[in-house]
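Structure, as structure tokens:
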Amino acid sequence: MEKQQSDLDRDRQYCELCGKMENLLKCGRCRNSFYCSKEHQKQHWKMHKLICKEADKAQLSKQKPGQAAPSGEDGAPEKCQEKKSSPEPADSAASPPRATNTDAPEVGDRAGEEGSNNTATTPNGQTSSSPQKLATEYIVPCMNKHGICVVDNFLGADTGLGILDNVKALHKTGRFTDGQLVSQKSDSTKDIRGDKITWIEGREPGCEKILFLMSRMDDLIRHCNGKLGNYTINGRTKAMVACYPGNGTGYVRHVDNPNGDGRCVTCIYYLNKDWNAKEHGGLLRIFPEGKAQFADIEPKFDRLLLFWSDRRNPHEVQPAFTTRYAITVWYFDADERARAKEKYLTGAGEKGVKVELGKSSDPS
């Protein structure tokens, strides 16, 4: 039992601000949250302080008379240990398995914490009580069997609307630029992809809800880690916020990671209210490698999509005829990422292929 709890504790270790999973520090007050540096803890304190103080009260209530209070009452972090297939054929488009996640907790609730009302319903009607169960009982088997996984109502309408407000405000600032191609420089980029994008770390003013989304994505991947194929996930990109302006543009068939740059899981969150694919277009069509079947994903509001980033899942964004928003994060496999960095630094990569490490330009 103690060993199982220790394994669970290691799974919970990731920086609450940036998602880093190595060389972490533990919050000295609540001892439940982790950061890669004191600076990141300070930057995240406004969001973290409420649950931190509540956790501190809970610990004090459990103390025996005369027992010393927990160390680190100023919240300073202390050093913690380093955290070291596809669908069946069909004649036409297939509908991937879907889970529905309802009543997600607001900012401050810990995933899987006692008292959380976060629930998830799997396709067979089973209900799980935490993101951990959603990850292990639905996402892991679905990804390992199909390589594609859809979760509807991921955060709930209120949180989703907050994220959408963040994205629309970003769009109005003019920060979005034309999407670029990783593998080549081309004058015909707009013929290949027609989206506008911006990269978000989460600390930018007005991006608090986007940061919360990133932390929830991290929660799921953290609970899946070590169970998704043969991958050991140890980091991710920034969030790519993408907008197709609704003028009939899309993105031709492509692969997110065709050349082994380290990305193993593509994770996309959609923000489009009342989306009607027949009227609005904008489907993400995935063509699982070696299969006659393709899978059509509508970019519906509060929908989360995960799929393998490599050549197993070529995909395209079909022309969108109204504004289409999505937020994409790519997660890295430790071994492949290390090899990619070495190849890049030694100049041994393919001629004419240049990948900006730590960042991707592929949309979905």
Side-chain angles (χ1 to χ4, degrees), residues 16-17 19 44 46-48 50-51 98-111 113 116-121 130-131 134 139 149-176 195-221 238-246 266-284 297-306 317 320-329 363-364:
E16 295 281 352
L17 183 65
H44 192 251
K46 186 177 180 180
M47 183 177 295
H48 175 62
L50 295 177
I51 65 167
R98 287 178 171 81
T100 301
N101 198 40
T102 59
D103 300 325
E106 294 299 321
V107 179
D109 288 336
R110 294 289 296 181
E113 189 174 33
S116 170
N117 63 349
N118 190 25
T119 62
T121 303
S130 71
L134 175 64
I139 293 176
C149 185
V150 176
V151 180
D152 283 326
N153 305 316
F154 177 51
L155 296 176
D158 290 344
T159 302
L161 288 172
I163 297 167
L164 180 58
D165 287 343
N166 279 187
V167 170
K168 287 182 175 179
L170 275 175
H171 199 189
K172 289 180 180 178
T173 65
R175 288 183 53 180
F176 284 60
D195 60 330
K196 306 282 186 178
I197 67 169
T198 189
W199 292 92
I200 297 299
E201 187 171 353
R203 291 181 291 175
E204 299 86 348
C207 294
E208 293 80 10
K209 295 296 185 179
I210 297 176
L211 176 61
F212 176 60
L213 166 67
M214 295 163 70
S215 73
R216 297 304 91 178
M217 288 178 171
D218 290 345
D219 281 343
L220 287 184
I221 297 298
K238 296 178 182 179
M240 188 189 76
V241 184
C243 171
Y244 288 86
T266 300
C267 193
I268 310 172
Y269 182 71
Y270 292 112
L271 287 157
N272 309 294
K273 291 286 289 182
D274 304 316
W275 193 267
N276 182 333
K278 290 183 178 180
E279 178 183 352
H280 303 141
L283 287 172
L284 179 70
I297 313 296
E298 291 188 51
K300 291 183 177 181
F301 178 76
D302 201 25
R303 168 171 285 178
L304 185 71
L305 168 68
L306 303 93
V317 179
F321 300 101
T322 192
T323 304
R324 177 190 189 274
Y325 290 115
I327 299 176
T328 304
V329 172
S364 295

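None of the values given here were measured: they were computed from a predicted structure.
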- line: What one should report as the nearest heavy-atom pair of W275 and E298 is O-OE1, 3.9 Å
statement: In short, I210 meets N166 closest at the heavy-atom pair N-OD1, 3.3 Å
field: Residue pair L213, V329: steps toward the side-chain contact (heavy atoms from CB on, under 4.5 Å) verdict
entry: CA-CA 10 Å; L213 166 67; V329 172; over 6 Å; no
- request: Check the angle between the aromatic planes of F176 and H171 and answer parallel, tilted or perpendicular using the 30° and 60° thresholds.
  value: tilted
query: Rounded to the nearest 0.5 Å, how far does CG of N276 lie from NZ of K300?
result: 9.0 Å
- prompt: Between K209 and I163, which heavy-atom pair has the shortest distance, and what is it?
  reply: O-CG1, 3.5 Å
message: Between D219 and R216, does any side-chain N to carboxylate O distance fall below 4.0 Å?
response: yes
- request: Determine the minimum heavy-atom distance between V317 and G282, stating which atoms define it.
  value: CG1-O, 4.4 Å
query: If we only count heavy atoms from C-beta on, is the T322 to N272 side-chain gap below 4.5 Å?
result: no
message: What I'd like to find out is whether the side chain of R324 reaches to under 4.5 Å of the side chain of L284, using heavy atoms alone.
response: yes
message: With side-chain contact (heavy atoms from CB on, under 4.5 Å) as the criterion, how do Y269 and D302 come out once you've worked through the C-alpha distance, each side chain's angles and the decisive distance to 0.1 Å?
response: CA-CA 7 Å; Y269 182 71; D302 201 25; 2.6 Å; yes
- request: State the CG-SG distance between L305 and C267, to the nearest 0.5 angstrom.
  value: 8.0 Å
query: Looking at M214 and I200, what are the two nearest heavy atoms and their distance?
result: CE-O, 3.9 Å
- prompt: Quick one: does D195's side chain have a donor or acceptor within less than 3.5 Å of a partner on A242's backbone?
  reply: no
- prompt: Is there side-chain contact between L161 and F301, with at least one heavy-atom pair below 4.5 Å?
  reply: yes
statement: For M217 and F154, the nearest pair of non-hydrogen atoms, with its separation, is N-CZ, 4.4 Å
field: Pairwise side-chain contact, T323 with C243, heavy-atom cut-off 4.5 Å (strictly under)
entry: yes
message: I'd like to check I297 versus I268 (side-chain heavy atoms, cut-off strictly below 4.5 Å). Are they in contact?
response: no
query: Is there a donor-acceptor contact under 3.5 Å from the side chain of D152 to the main chain of R303?
result: no
